[in-house]
Amino acid sequence: MVLGVLADGTAFYAPIGEVIVDGSQVTCHLCGRSLRSVAAHLAAHGWTKERYCQAFGLERSQSLEGPETRKLRAAALSARLVFDPAIRAGSAAGRERARRGELTQDAAQAARGRPFPEQRRRKAARAFARGPVVASGQASRERADRYLAGVAADAARRLGHPDLRSLVLARTASGASLAAISREARLHKDWLSRYLERLDPATAAAVRRAGAGRHDVPWRPVTDRLGFADVASYLRDRHAVQHWSVNAIAAEAGVSCHAVESALRRHGLTRVAHAAKRHAAAERAARVAADLGFASVAEYVARRRTAGMTWAAMAAEAGQPESWLRRHAR
């Protein structure tokens, strides 16, 4: 039965903005026939999928095939990914473009200026009718939290503990990592790393404190020998007070530069790149400014430039290169 006529006079047999699926078959808007694949059938009408979706208000990503046909195509593609080198190469190239964000950029470029499809309008209207987006998102979050709490409770009971907190604290006290506990509970190895903070922030904080203590074990011979109470005070003295570089600290402590950077992050200390050179440069600038009777080199340059002195004259007076003065003026 004809449901309407497009602006160009083309009759259509299915509602605009909808795809009618009946079991394993899809209804063609152009002729009303039920087919396993309307996409393959469009050539009989001389239409392309892009034109079809635009004419009948469908999203470009909308499938025009029945569920059984999609399953068969997916199985065939999986087999070709194994045996066809060209398909593998194309799939790898696509994944790389997706990783770099190029596919997202191409999709945005293709969507620019294209009218909003009726199918998308209807989806948005149905979502809005169910309630505000914020309330819907909150409800989804609460359902997810209940599910995660149930998984955690089941895992704790299986391992003989009343709750997740007692399980994690008991296992970490014996030296187990969160990954080891997750595997023991028959969960993904990163499950606790991802969700412990969300489920029990206090336990997650306790684990972090205990973990910091374990990571500081290799540092204790150094801190004891140098008379520091802990790793944090040692790092603070060397990096923040004496302005040692990461490389210098690593050489003294007998650890790698990565271990020093990790320890700085662990103890909440900001790493300063080229700390020794930066400190020496700051001391040089302060010394030059003091010798000239100014609080800073920038103030000296501003005063002298206001008085009409040239860069060459200032360089001669300060005993410093012109480029150095210009840099500090900026």
Side-chain angles (χ1 to χ4, degrees), residues 93 95-113 208-209 211-212 215-330:
R95 289 195 300 272
E96 179 61 22
R97 292 193 66 210
R99 186 188 66 79
R100 294 196 301 263
E102 294 177 0
L103 295 185
T104 302
Q105 295 173 5
D106 290 348
Q109 181 64 31
R112 190 171 292 118
R208 282 196 299 271
R209 288 193 296 270
H215 290 305
D216 284 347
V217 170
W219 293 82
R220 287 175 186 164
V222 180
T223 56
D224 292 344
R225 173 169 53 84
L226 297 174
F228 289 94
D230 52 35
V231 177
S233 60
Y234 166 73
L235 292 173
R236 189 175 297 107
D237 174 79
R238 291 297 190 260
H239 196 56
V241 178
Q242 299 191 42
H243 308 286
W244 283 26
S245 66
V246 168
N247 287 340
I249 298 171
E252 181 183 54
V255 298
S256 68
C257 295
H258 297 297
V260 176
E261 293 172 353
S262 176
L264 289 170
R265 288 193 300 269
R266 190 164 62 248
H267 293 285
L269 299 173
T270 302
R271 182 198 176 218
V272 178
H274 311 293
K277 290 183 179 179
R278 287 173 184 266
H279 179 64
E283 285 190 328
R284 173 188 174 188
R287 186 172 59 253
V288 170
D291 291 343
L292 294 169
F294 290 88
S296 66
V297 176
E299 181 186 353
Y300 163 74
V301 171
R303 294 283 186 86
R304 291 295 190 261
R305 292 292 290 171
T306 303
M309 286 188 68
T310 65
W311 288 104
M314 286 190 294
E317 180 184 43
Q320 302 294 330
E322 287 186 37
S323 60
W324 188 87
L325 292 172
R326 291 176 184 273
R327 187 164 59 250
H328 280 274
R330 289 196 299 268

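Looking at residues two or more places apart in sequence or on another chain, you find no side chain to side chain donor-acceptor pair (under 3.5 Å) involving E261. The salt bridge (Lys or Arg N to Asp or Glu O under 4.0 Å) test applied to R303 returns E299, not counting sequence neighbours. Taking the side chain to side chain donor-acceptor pair (under 3.5 Å) definition, one finds that H274 meets it with nothing, sequence neighbours left out. Residues passing the salt bridge (Lys or Arg N to Asp or Glu O under 4.0 Å) test with D106, sequence neighbours excluded: R97. Every side chain to side chain donor-acceptor pair (under 3.5 Å) that R99 has, sequence neighbours left out, goes to E96. Evaluation of the side chain to side chain donor-acceptor pair (under 3.5 Å) rule for E322 yields no partner, not counting sequence neighbours.
Residues W311 and V301 meet the side-chain proximity criterion, which asks for heavy atoms closer than 4.5 Å. Side-chain contact between T223 and D230 is absent, with no heavy-atom pair separated by less than 4.5 Å. Using a 4.5 Å heavy-atom threshold, the side chains of H239 and I249 count as touching.
The shortest heavy-atom contact between V246 and C257 is CG1-O, 3.7 Å. Scanning all heavy atoms of the two residues, the minimum distance from A259 to W219 falls at O-CZ2, 3.8 Å. Closest approach of L325 to A318, counting heavy atoms only: CD2-CB, 4.4 Å. Considering every non-hydrogen atom in both W244 and A275, the closest pair reads O-CB, 3.6 Å. Among all heavy-atom pairs drawn from L235 and A263, the shortest one is CD1-CB, 3.6 Å. The two residues A229 and S233 have their closest heavy-atom pair at N-OG, 3.7 Å.
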Between Q320 and R284, is a side chain to side chain contact (heavy atoms under 4.5 Å, CB included) present by the stated rule, with each step listed?
-> CA-CA 11 Å; Q320 302 294 330; R284 173 188 174 188; 2.4 Å; yes

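Side chain of R278 to main chain of A273: a donor-acceptor pair is present (N/O by atom type, distance under 3.5 Å, no hydrogens or angles). Judged purely by atom type and a 3.5 angstrom limit, S262 has no side-chain atom pairing as donor or acceptor with the backbone of H258.
For the atom pair NE2 of H279 and OG of S245, the computed distance is 13.0 Å after rounding to the nearest 0.5 Å. Of the inter-residue distances, the one linking R304 atom CZ with L292 atom CG reads 7.0 Å to the nearest 0.5 angstrom. For the atom pair CD (E252) and CG (L226), the distance works out to 5.0 Å, reported to the nearest 0.5 Å. The line from CZ of F228 to CZ of R236 is 10.5 Å long, rounded to the nearest 0.5 Å. Atoms CD and OH, on E317 and Y300 in that order, are 3.5 Å from each other to the nearest 0.5 Å. Taking CZ from R238 and CG from L269, the interatomic distance works out to 14.0 Å, rounded to the nearest 0.5 Å.
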